[in-house]
Amino acid sequence: MLKVKGLTKAYGKVIANNNLSFEIPAQSVNLLLGPNGAGKSTLIMCILGLLRCSGDVTIAGHDKASIEAKRIVGYMPEIPQLYPLLTVAEHLEFVSRIYRLEDWQRRAEELLERFDLKDKKHKLGAQLSKGMQQKLSLISAVIAQPKLLLVDEPLIGLDPPAIREAKKLFHELAEAGTTLVISTHILDTMGDLWDRSLIMQDGYLKAIVERDYLDARGLSLDEFFLEVTNKKAEAEPAEEQLQTAPEKEYRGGGSDV
């Protein structure tokens, strides 16, 4: 579904993403983990074409900048980016018309009901609380039922009922065949709802691990994460790091990452 090859993004002399290469298979749930400043948000924005970078990114075989790719992708940024003078309902209409959705009103009503925003649909974006903005941002990202969904710290700012509903929604999307990439620095964000985790640190992709690999060895994701990130970063591309450390078997025996 998603292929990234040699992606590098620098801000002056600071390299935020250092020669990253990996593949995300279709119909999988993937966690993008790492401490604050690891380069996770930058990577997502580069994948979406929101930041210029070097390297190649394809989505379902299409270049990231193509209309074909953009039509099948949903995105929820870490900080909601709303139009201050559009109402909640107008935001969803705007997004739905961009995607050329049919019968979007019914899905919009269902999502507003689920996230307790139905009575707020005539409020302007600027009038919403942080939690309400986060809910609307999530709804806007999923209303088109994308084939690839990228979300950045999706649960930050949500109240407990909304967190529960968001996790349930992610589970439903995964069951329906959506490929999810969930960026977070909170390891237990998704519980057991993931197939593989990509661990970043200091701009490098330090490891890719499948949940089956950890389960078979009786390891928790917390333990594995700490083992990987506590080691001093090496000044070499992540792909080489993985290939030169076969004893870790970060790939979990899979051939698709």
Side-chain angles (χ1 to χ4, degrees), residues 1-4 20-36 38-41 43-44 47 60 74 76 138 142 146-156 158 160 162-234 237-257:
M1 171 57 72
L2 173 64
K3 294 184 179 180
V4 175
L20 307 183
S21 297
F22 59 91
E23 296 185 18
I24 297 294
Q27 300 183 8
S28 62
V29 179
N30 306 267
L31 301 182
L32 182 59
L33 304 174
N36 290 326
K40 305 186 300 297
S41 296
L43 172 59
I44 288 179
I47 289 172
M76 178 185 179
L138 175 56
V142 304
K147 292 184 179 179
L148 173 64
L149 177 64
L150 299 103
V151 293
D152 194 355
E153 300 289 359
L155 306 184
I156 300 297
L158 296 181
I163 290 175
R164 182 176 63 249
E165 201 61 44
K167 289 183 177 181
K168 183 179 178 182
L169 177 60
F170 291 144
H171 184 72
E172 292 170 0
L173 289 169
E175 286 190 331
T178 296
T179 303
L180 285 85
V181 177
I182 302 169
S183 172
T184 181
H185 67 280
I186 303 174
L187 271 62
D188 62 352
T189 292
M190 298 308 299
D192 291 333
L193 179 62
W194 61 280
D195 300 307
R196 64 178 45 74
S197 289
L198 295 81
I199 300 175
M200 291 190 65
Q201 186 178 30
D202 298 327
Y204 287 98
L205 181 59
K206 299 290 290 183
I208 301 172
V209 65
E210 296 184 1
R211 191 176 70 170
D212 290 345
Y213 169 83
L214 296 184
D215 289 345
R217 287 155 181 79
L219 295 174
S220 70
L221 182 57
D222 288 26
E223 292 170 330
F224 184 81
F225 178 86
L226 291 174
E227 177 185 345
V228 169
T229 57
N230 279 343
K231 292 187 177 181
K232 184 177 180 181
E234 299 176 9
E239 186 176 16
E240 293 181 15
Q241 289 178 6
L242 294 178
Q243 291 177 350
T244 56
E247 69 278 8
K248 288 295 181 186
E249 299 182 14
Y250 288 152
R251 299 174 186 269
S255 59
D256 53 2
V257 294

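Because the structure is predicted, anything quoted here is derived from the model rather than measured.
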Excluding sequence neighbours, so at least two apart, what forms side chain to side chain contact (heavy atoms under 4.5 Å, CB included) with [X]?
| X | value |
| --- | --- |
| A216 | none |
| L214 | W194, V209, L219, L221, F224 |
| D222 | L187, S220 |

_Validation row: V142, V151 side chains within 4.5 angstrom (heavy atoms)_ = no
*Non-hydrogen side-chain atoms of N30 and T179 separated by less than 4.5 Å*: yes
*Which value, rounded to the nearest 0.5 Å, describes the distance between L138 atom CG and L155 atom CG?*
8.5 Å
Atom of [X], atom of [Y] and distance for their closest heavy-atom approach:
| X | Y | answer |
| --- | --- | --- |
| P146 | G74 | CB-N, 3.4 Å |
| D152 | S183 | OD1-OG, 3.3 Å |
| L158 | I163 | O-CD1, 3.6 Å |

_With sequence neighbours excluded, residues passing salt bridge (Lys or Arg N to Asp or Glu O under 4.0 Å) with E165_ = R114
*Please name all residues satisfying salt bridge (Lys or Arg N to Asp or Glu O under 4.0 Å) with E223, sequence neighbours left out, ordered by chain then number.*
none
_For I199, is there any backbone N or O sitting under 3.5 Å from a side-chain donor or acceptor partner on K40?_
no
_Is it the case that atom CD in E172 sees more than 12 heavy atoms from other parts of the structure closer than 6.0 Å?_
yes
With sequence neighbours left out, write down each residue that passes side chain to side chain donor-acceptor pair (under 3.5 Å) with [X], or none if nothing qualifies.
| X | answer |
| --- | --- |
| S197 | none |
| D195 | none |
| T184 | E153, T189 |

*Starting from the C-alpha separation in whole Å, work towards a yes-or-no answer on side chain to side chain contact (heavy atoms under 4.5 Å, CB included) for F22 and L43.*
CA-CA 12 Å; F22 59 91; L43 172 59; 4.0 Å; yes
